[in-house]
Novice: 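Pasting in a structure now, in structure tokens, and then I'll have a few things to ask.
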Amino acid sequence: MKKEATKLIFHVYDAPAHKNDENKIRFNKSVFVAAQQGIRICPILSEGADLLCEYLARQSAIMTGGTYSFLTDNEKKERRYDDKTLDEVTIERLDELIVRLANGYRTGSFEAPTEFCPNDGYSEITSEKSEKN
């Protein structure tokens, strides 16, 4: 018996949401189709995204069992929005986050993140696991 492939989408939000009706409908349909096909969406929010993007990103992760992540300013953990869960995140390198998530979804066992060292000169990301797996 062939094991089913792990299907992930890493969706980077780097601009404000497109608010016209056509894009809203297309986005909603895409998330529902992904959920139906067992594709997990792992959104990554970056600096250009707005609050609507954050909402859409979090919802797509919840609806598909993915993991919501966001880029941040290394040591400060600053964001434009007042996020009460900000103290509950771990900062790690983006490449290591993606590999860790892909392996975790493939095996069903997630390794603990490797804490980011701001002196190594790489970009970083923070992540939080969605409630649905």
Side-chain angles (χ1 to χ4, degrees):
M1 175 184 284
K2 186 176 178 180
K3 184 178 178 183
E4 189 172 326
T6 301
K7 297 175 266 186
L8 303 171
I9 294 173
F10 289 93
H11 183 178
V12 178
Y13 292 76
D14 63 350
H18 299 281
K19 298 176 184 173
N20 65 44
D21 289 340
E22 180 183 339
N23 284 329
K24 291 176 189 176
I25 292 168
R26 190 169 54 210
F27 179 83
N28 286 332
K29 282 184 180 179
S30 298
V31 172
F32 282 112
V33 168
Q36 289 173 338
Q37 295 181 358
I39 301 170
R40 296 176 190 268
I41 299 175
C42 298
I44 301 171
L45 223 63
S46 70
E47 186 177 337
D50 59 8
L51 189 56
L52 177 58
C53 281
E54 181 171 354
Y55 172 78
L56 295 171
R58 288 178 181 267
Q59 288 303 310
S60 66
I62 290 168
M63 292 173 65
T64 63
T67 301
Y68 166 78
S69 303
F70 59 90
L71 298 171
T72 186
D73 179 12
N74 57 26
E75 296 171 3
K76 299 177 186 175
K77 299 184 184 180
E78 288 181 352
R79 301 201 30 224
R80 292 188 309 258
Y81 313 117
D82 182 23
D83 189 339
K84 306 250 186 296
T85 64
L86 196 53
D87 291 338
E88 301 171 16
V89 297
T90 301
I91 297 178
E92 62 184 307
R93 286 180 31 181
L94 178 58
D95 59 340
E96 292 176 356
L97 170 78
I98 290 173
V99 169
R100 184 176 63 79
L101 292 178
N103 285 336
Y105 285 119
R106 183 179 55 80
T107 64
S109 176
F110 288 85
E111 293 182 13
T114 303
E115 188 73 31
F116 174 76
C117 177
N119 297 326
D120 71 4
Y122 291 97
S123 296
E124 60 189 302
I125 194 161
T126 59
S127 67
E128 58 187 57
K129 188 81 173 68
S130 72
E131 294 298 317
K132 182 179 175 186
N133 287 330

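Note that the structure is predicted; figures quoted are calculated from it, not measured. Count residues from 1 along the sequence. The figures that follow rest on heavy atoms only: side chains count, while hydrogens, waters and symmetry mates do not.
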Novice: Among S69, P113, C42, which one satisfies side-chain contact (heavy atoms from CB on, under 4.5 Å) with L97?
Specialist: S69
Novice: Under a 4.5 Å cut-off applied to non-hydrogen side-chain atoms, are D50 and K19 in contact?
Specialist: yes
Novice: What distance separates L45 CG from L51 CG, expressed to the nearest 0.5 Å?
Specialist: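 The CG atom of L45 sits 9.5 Å away from the CG atom of L51.
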Novice: Measuring from atom CD1 of I41 to atom CD of Q59, what distance do you get when rounded to the nearest 0.5 angstrom?
Specialist: 11.5 Å
Novice: Between atom CD1 of I98 and atom OG1 of T67, what is the distance when rounded to the nearest 0.5 Å?
Specialist: 11.5 Å
Novice: Might you work through the side-chain contact (heavy atoms from CB on, under 4.5 Å) test for E54 and Y68, ending with a clear yes or no?
Specialist: CA-CA 9 Å; E54 181 171 354; Y68 166 78; 3.4 Å; yes
Novice: Between L71 and I44, is there a side-chain heavy-atom distance shorter than 4.5 Å?
Specialist: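 Yes; the side chains approach each other to less than 4.5 Å.
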Novice: Heavy atoms, side chains only, cut-off 4.5 Å: are T64 and I39 in contact?
Specialist: no
Novice: Just verifying a value: how many Å separate S30 OG and I9 CD1, rounded to the nearest 0.5 Å?
Specialist: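 Here the interatomic distance stands at 8.0 Å.
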Novice: Within a strict 4.5 Å, meaning less than it, do heavy atoms of the L101 and F10 side chains meet?
Specialist: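 When only atoms from C-beta onward are counted, F10 and L101 do touch, with a gap below 4.5 Å.
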Novice: Measuring from K29:NZ to Q36:CD, what's the distance to the nearest 0.5 Å?
Specialist: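 It is 11.5 Å, given to the nearest 0.5 Å.
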Novice: Which residue pairs pass the ring pair (Phe, Tyr, Trp, His ring centres under 6.0 Å) test when at least one of the two sits in residues 11-37, sequence neighbours left out?
Specialist: H11-Y13
Novice: Provide the closest heavy-atom pair for A15 versus C53 in the form atom of the first, atom of the second, distance.
Specialist: O-SG, 3.1 Å
Novice: Hydrophobic clusters here meaning ILVMFWY residues chained together by side-chain heavy-atom distances under 4.5 Å, can you tell me if V99 and F70 are in one?
Specialist: no
Novice: How would you list, by chain and number, every residue that makes a side chain to side chain contact (heavy atoms under 4.5 Å, CB included) with T6, sequence neighbours excluded?
Specialist: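 Side chain to side chain contact (heavy atoms under 4.5 Å, CB included) list for T6, sorted by chain: L8, Y105, R106.
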Novice: For residues K7 and Q37, report the shortest heavy-atom separation together with the two atoms involved.
Specialist: NZ-O, 2.8 Å
